[in-house]
Amino acid sequence: MTDFLPLFPLKLVVFPNEELNLHIFETRYKQLIRECDHNGTTFGIPTFLDDKIMDFGTEVELLKITKKNPDGSLDIKTRGLGIFKIHDFFSLALNKMYSGADIERIESDMESDGFLNEQILEKAAVLYDYLEIKKPLPADLNFKTYEIAHHVGFSIEQEYQLLSISDEKRRQQFMHDHLVKLIPVVKEMEKLRKKAKM
């Protein structure tokens, strides 16, 4: 079963439960946001990669219009809800200035593996130490990969790949394997940086 969803494509990946602040200045998206505010409806943020709109994205809800600026632009606060897959894309929704799509909402298996989460936290802590990142990691082993996906050195392509995986244990494995490959590279770069300083 598919549902219609207005779209706001962006060159980024939004994850479920992530809060995202946006500055809205294009006329078509001001129309979209005003309609969401008035009707209490949601919209989708599909990832825009390689000059095209990708199949997967995140449905988001408008939490608040935080500021209406003198030039007509809007500052808004949103939150990611769940993943969707585009079935039919419309460059212009019916009688609208913005695009839209018939989408399928993707159910995600959120059951995680505690041992893998422990491994991920250990490796992320090593990475943070090398890069001198002060951001705190989750305090317990019940976290979901989405919570730290922006903070483990993924490229936008890798973040999109994570978004398209519908099973938490496979997302954990994907993140773990990434950290295993990334840490030696970062370690070597740190050695070179220290040599250059000497």
Side-chain angles (χ1 to χ4, degrees), residues 1-110 135 143-168 171 174-175:
M1 180 180 170
T2 61
D3 291 304
F4 178 79
L5 195 65
L7 296 183
F8 187 172
L10 289 170
K11 290 182 180 179
L12 52 80
V13 175
V14 181
F15 293 109
N17 295 318
E18 178 184 353
E19 292 192 356
L20 179 69
N21 297 323
L22 294 169
H23 179 68
I24 310 298
F25 57 90
E26 290 187 57
T27 303
R28 55 183 168 167
Y29 297 127
K30 287 190 284 186
Q31 179 188 55
L32 187 158
I33 296 305
R34 287 194 181 101
E35 288 177 3
C36 289
D37 186 44
H38 185 263
N39 301 322
T41 50
T42 60
F43 64 98
I45 300 182
T47 302
F48 190 79
L49 271 179
D50 301 324
D51 297 320
K52 64 181 180 182
I53 293 171
M54 307 302 283
D55 289 339
F56 288 92
T58 300
E59 184 174 5
V60 301
E61 62 178 337
L62 174 66
L63 295 177
K64 187 179 181 182
I65 296 176
T66 55
K67 191 175 181 185
K68 296 180 180 179
N69 300 299
D71 62 1
S73 65
L74 306 169
D75 294 322
I76 66 170
K77 185 174 186 177
T78 68
R79 179 171 58 216
L81 297 174
I83 311 302
F84 65 84
K85 183 178 182 182
I86 293 174
H87 281 255
D88 293 297
F89 172 76
F90 310 103
S91 56
L92 284 178
L94 186 64
N95 299 322
K96 305 295 181 185
M97 290 184 281
Y98 51 78
S99 61
D102 288 332
I103 59 99
E104 173 192 359
R105 290 178 176 87
I106 304 297
E107 292 297 322
S108 181
D109 182 349
M110 298 303 288
K135 187 175 179 65
F143 72 93
K144 302 304 176 191
T145 49
Y146 293 145
E147 296 174 41
I148 62 169
H150 289 310
H151 310 292
V152 292
F154 279 142
S155 65
I156 186 172
E157 290 82 6
Q158 288 170 316
E159 287 189 356
Y160 176 75
Q161 195 173 344
L162 187 81
L163 187 78
S164 67
I165 299 172
S166 61
D167 175 89
E168 178 65 7
R171 287 192 292 268
F174 180 77
M175 183 175 285

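By convention here, the first residue in the shown sequence is residue 1. Keep in mind the model is a prediction, meaning the values are calculated, not measured.
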Please identify each residue that fulfils side chain to side chain donor-acceptor pair (under 3.5 Å) with H151, with sequence neighbours left out.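 Residues passing side chain to side chain donor-acceptor pair (under 3.5 Å) with H151: none at all.
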Over 12 non-hydrogen atoms of neighbours within 6.0 angstrom of CG in D51: no
For the NZ atom on K67, are there more than 12 heavy atoms of other groups (residues, nucleotides or ligands in this structure) within a distance under 6.0 Å?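 Incorrect, the count does not exceed 12.
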Hey, does the side chain of [X] reach the backbone of [Y] with a donor-acceptor pair shorter than 3.5 angstrom?
{"X": "T2", "Y": "I103", "value": "no"}
{"X": "T47", "Y": "Y160", "value": "no"}
{"X": "T78", "Y": "L20", "value": "yes"}
{"X": "T66", "Y": "D75", "value": "yes"}
{"X": "K144", "Y": "M110", "value": "yes"}
{"X": "E168", "Y": "T145", "value": "yes"}
{"X": "Q158", "Y": "S155", "value": "yes"}

Could you check, using the six-membered ring where one of them is a Trp, whether Y29 and F43 have ring centers closer than 6.0 angstrom? no
Once rounded to the nearest 0.5 Å, what's the spacing between atom CD1 of I53 and atom CG of L10? 10.0 Å
Any chance you could measure F8, atom CZ, to E26, atom CD, to the nearest 0.5 Å? 7.0 Å
Below 4.0 angstrom, N of the basic side chain to O of the carboxylate: do K85 and E104 qualify? no
Contact summary for T42 and P6, nearest pair of heavy atoms: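 Heavy atoms of T42 and P6 come nearest at O-CD, 3.7 Å.
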Derivation and outcome, side chain to side chain contact (heavy atoms under 4.5 Å, CB included), residues L162 and V13: CA-CA 10 Å; L162 187 81; V13 175; over 6 Å; no
Measure up the H150 and F15 rings against each other and bin them: parallel (under 30°), tilted (30 to 60°), perpendicular (over 60°).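 Rings of H150 and F15: tilted, 30 to 60°.
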